[in-house]
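Below is one structure. I have some questions about it.
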Amino acid sequence: MADIFAPISGPIFDVLNAIFNPILALDPNPANPALTVLIIAFLVSLITTIANKYLVDQDKMNEMNEKSRKLSRELREAQKKGDGKKLAELQAQQTQMMQEQTAMMSDQFKPMFVTMVPIILIFFWMRSSAIHDLVIILPRTVYWVILTPFWHMLGSFLYGGKATIPYGIGWLLWYFICTFGMSQILRKYLGFKQGF
């Protein structure tokens, strides 16, 4: 099956090598390229955040979320008061709002369709590069706060093997930590009203 994609994957990986190998070469520790993963996480976060900014109507989404919160409050108040007439009216509004939210959900998938293929390719490149051997040693508190033993257990269940370096994480978990942090910063900087 891999032979079928070889004519396509070779040139794609050549392009990714041309983009990311210079970054990898500039890493202060190319044998353990934590900085390279941070830079790649920043680039991926920037691409996905910009796609979300321009492909999803943020004002409409924020307005929809505010209406939903207001309707939920009114529903709780009507239930507490036992106002059946008001409750029926609000439930009809809720049904209408759910239809609008379903339509809005399709808009939220647009950025994913645009960014999914490049992100998957970047993941495959990282998996096949020197980044694959990356190990980050976390402070003990951080190690436990981000539930690292759980992720190690899940990884050993899915992929076999087990973590052997105390308080260490691999490239994938380091990438997710970096991406989450970068996404939060970029969303704030680009004026998103809601978090991740």
Side-chain angles (χ1 to χ4, degrees), residues 1-56 58 105-138 142-143 146-148 150-165 167-192 195-196:
M1 191 70 153
D3 295 333
I4 296 170
F5 296 110
I8 299 169
S9 64
I12 290 172
F13 275 84
D14 289 343
V15 170
L16 292 173
N17 282 328
I19 294 168
F20 294 119
N21 278 345
I23 298 170
L24 192 56
L26 291 173
D27 198 298
N29 187 0
N32 203 31
L35 183 61
T36 302
V37 175
L38 180 68
I39 292 168
I40 292 171
F42 171 76
L43 294 173
V44 170
S45 297
L46 182 64
I47 291 166
T48 55
T49 305
I50 288 173
N52 272 296
K53 175 85 172 167
Y54 292 106
L55 295 176
V56 176
Q58 297 297 320
M105 286 288 279
S106 66
D107 281 352
Q108 290 177 321
F109 283 114
K110 286 179 193 173
M112 187 181 75
F113 293 129
V114 171
T115 60
M116 186 168 56
V117 171
I119 290 171
I120 289 171
L121 292 173
I122 290 169
F123 263 63
F124 279 121
W125 179 85
M126 287 194 293
R127 176 81 169 86
S128 66
S129 72
I131 288 171
H132 180 261
D133 298 324
L134 171 71
V135 175
I136 300 286
I137 306 300
L138 296 174
V142 174
Y143 177 86
I146 64 170
L147 306 174
T148 307
F150 169 75
W151 301 115
H152 283 173
M153 184 179 67
L154 183 62
S156 67
F157 175 73
L158 294 174
Y159 305 111
K162 59 183 187 177
T164 55
I165 299 172
Y167 306 109
I169 61 171
W171 71 273
L172 189 58
L173 187 52
W174 176 242
Y175 170 83
F176 284 128
I177 291 168
C178 294
T179 304
F180 181 76
M182 292 295 175
S183 294
Q184 293 300 319
I185 293 166
L186 288 167
R187 289 176 72 86
K188 198 74 164 168
Y189 181 74
L190 291 173
F192 282 73
F196 190 65

Leu26 vs Ile23, side chain to side chain contact (heavy atoms under 4.5 Å, CB included): CA-CA, chis, key distance, verdict = CA-CA 5 Å; Leu26 291 173; Ile23 298 170; 5.9 Å; no

Rounding to 0.5 Å, atoms CE (Met126) and CG (Leu16) come to a distance of 10.5 Å

How about Phe20 and Leu43: do any of their side-chain heavy atoms sit closer than 4.5 Å?
-> yes

Which atom pair, heavy atoms only, marks the closest approach of Ile137 to Gly168?
-> CD1-CA, 4.0 Å

Determine, stepwise, if the pair Ile169 / Ile177 fulfils side chain to side chain contact (heavy atoms under 4.5 Å, CB included).
-> CA-CA 11 Å; Ile169 61 171; Ile177 291 168; 3.9 Å; yes

Nearest heavy-atom pair of Pro111 and Asn52: which atoms, and what distance?
-> CG-OD1, 3.4 Å

Report the distance from atom OG of Ser45 to atom CD1 of Ile40, rounding to the nearest 0.5 Å.
-> 11.5 Å

Atom CD1 in Ile122, atom CD1 in Ile12: separation rounded to 0.5 Å?
-> 11.5 Å

Which residues share a ring-ring contact (aromatic ring centres under 6.0 Å, His included) with Tyr175, sequence neighbours left out = Phe123

Quickly, which of Val44, Ile185, Thr115, Leu186 forms a side-chain contact (heavy atoms from CB on, under 4.5 Å) with Thr49? Name it, please.
-> Leu186

Residues Val114, Lys110; criterion side chain to side chain contact (heavy atoms under 4.5 Å, CB included); working and verdict = CA-CA 7 Å; Val114 171; Lys110 286 179 193 173; 5.8 Å; no

Less than 4.5 Å apart, any side-chain heavy atom of Leu24 and any of Asn21?
-> yes

What's the shortest heavy-atom distance between Ala41 and Cys178, and which atoms?
-> CB-CB, 3.5 Å

CD1 of Ile136 to CG of Leu38: how many Å apart, nearest 0.5 Å?
-> 9.5 Å

Please name the pair of heavy atoms, one in Leu190 and one in Lys53, separated by the smallest distance, quoted to 0.1 Å.
-> O-NZ, 2.7 Å

Worked verdict on Leu134 versus Thr36 for side chain to side chain contact (heavy atoms under 4.5 Å, CB included) | CA-CA 10 Å; Leu134 171 71; Thr36 302; over 6 Å; no

How would you list all residue pairs meeting side chain to side chain donor-acceptor pair (under 3.5 Å) that involve residues 122-133, not counting sequence neighbours?
-> Asn17-Trp125, Arg127-His132

Taking atom CD1 of Ile131 and atom CH2 of Trp174, what is their separation to the nearest 0.5 Å?
-> 12.5 Å

Which atom pair, heavy atoms only, marks the closest approach of Asp27 to Ala34?
-> OD2-N, 3.9 Å

